[in-house]
Amino acid sequence: MVGIVSDIGMVRNLNEDYAKYLECNDFKIYVVADGMGGHNAGEVASKMAAEGIVNYVGENFSENTKDVVLKNAIEKVNKDIYFHSLKNDCLNGMGTTITACLITKDWIKIANVGDSSCFGITNNEIIKITKDHSLVQELVDSGSISENEAANHPKKNIITRAIGTSDKVNVDIFDIIENKYDKYVLCSDGLTNELTKEDIIKVINEEKDLSLACERLVNIAKYKGGRDNITVLLFGGEM
């Protein structure tokens, strides 16, 4: 079962987030993208990225390609978005974050570009697997600010890496031991800007229905301000 909700939030006029997934006999692929750019450019970039990654994996997954297919998919959509943006002035400079999870019978791979997140959940523990590519994260890593200061930093929305802003992209890939986590959450920063990890796991532990859990998480984020688009994709970690 999969839970998936994408909401415009309480402030924005357009939902530039996009989520998509595909479950097959040999693999499962889940993607959340958070677009950026003027007018509808962010909406275009996030949809191109999420659909492009899922379609690429679906068309190219095999025993020979499965170790690299997720990274190859992200690199391909990065180029597709970048060159598409050059064809239209209204789309110039568009881009998107991406977080994705590919599950096979043998392993799980998590990919990340930007500041959308993937969390692993087991029992009563929640772990953030991805690491934000953001100015604030760099300040935390250098010791300039604390984690608590980072939570409400005025420059929290400045990312240092994105899909589609250049013809090349550096993708972080995290290899997960099979069955290490019972569930995974992919989300845009519209959720993590409003809720803590403890808030997230509390809702998921209380609500066994994954769709209802996603709805509750989004509603809480909106109640707390909903300053950005909010997207949550929740799923199990087994084939």
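Partner of Glu194 under the salt bridge (Lys or Arg N to Asp or Glu O under 4.0 Å) criterion, chosen from Lys222, Arg227, Lys224: Arg227.
You'll find the side chain of Cys187 reaches within 4.5 Å of the side chain of Thr192, heavy atoms only. Residues Thr160 and His133 have side chains in contact (heavy-atom distance under 4.5 Å, counting atoms from C-beta outward). Under the 4.5 Å side-chain criterion, counting only non-hydrogen atoms from C-beta, Asn72 is not in contact with Asn60. With a 4.5 Å cut-off on side-chain heavy atoms, Tyr21 and Leu233 count as touching.
Asp172 and Lys131 are not joined by a salt bridge, as no carboxylate oxygen comes within less than 4.0 angstrom of a charged side-chain nitrogen. Of the charged side-chain nitrogens involved, at least one lies within less than 4.0 Å of a carboxylate oxygen, so that Glu75 and Lys71 count as a salt-bridged pair. A salt bridge is absent between Lys156 and Asp189: the closest approach of a Lys/Arg side-chain nitrogen to an acidic carboxylate oxygen does not fall below 4.0 angstrom.
For CD1 of Ile177, the number of neighbouring non-hydrogen atoms (other residues, nucleotides, ligands) closer than 6.0 Å is 12 at most. Atom CD of Glu198 has more than 12 neighbouring heavy atoms from other residues, nucleotides or ligands inside a 6.0 Å radius.
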Would you give me the side-chain donor-acceptor pairs under 3.5 Å for residues 25-32, sequence neighbours excluded?
unit_1: Lys28; atom_1: NZ; unit_2: Glu238; atom_2: O; d: 2.9
unit_1: Tyr30; atom_1: OH; unit_2: Glu23; atom_2: OE2; d: 2.6

Under 3.5 Å, which donor-acceptor pairs do the side chains of residues 97-104 form with other protein atoms, sequence neighbours left out?
unit_1: Thr97; atom_1: OG1; unit_2: Asp34; atom_2: N; d: 3.3
unit_1: Thr97; atom_1: OG1; unit_2: Ser116; atom_2: OG; d: 2.7
unit_1: Thr99; atom_1: OG1; unit_2: Ala111; atom_2: O; d: 3.4
unit_1: Thr104; atom_1: OG1; unit_2: Asp106; atom_2: N; d: 3.1
unit_1: Thr104; atom_1: OG1; unit_2: Trp107; atom_2: N; d: 3.1
unit_1: Thr104; atom_1: OG1; unit_2: Trp107; atom_2: O; d: 3.1

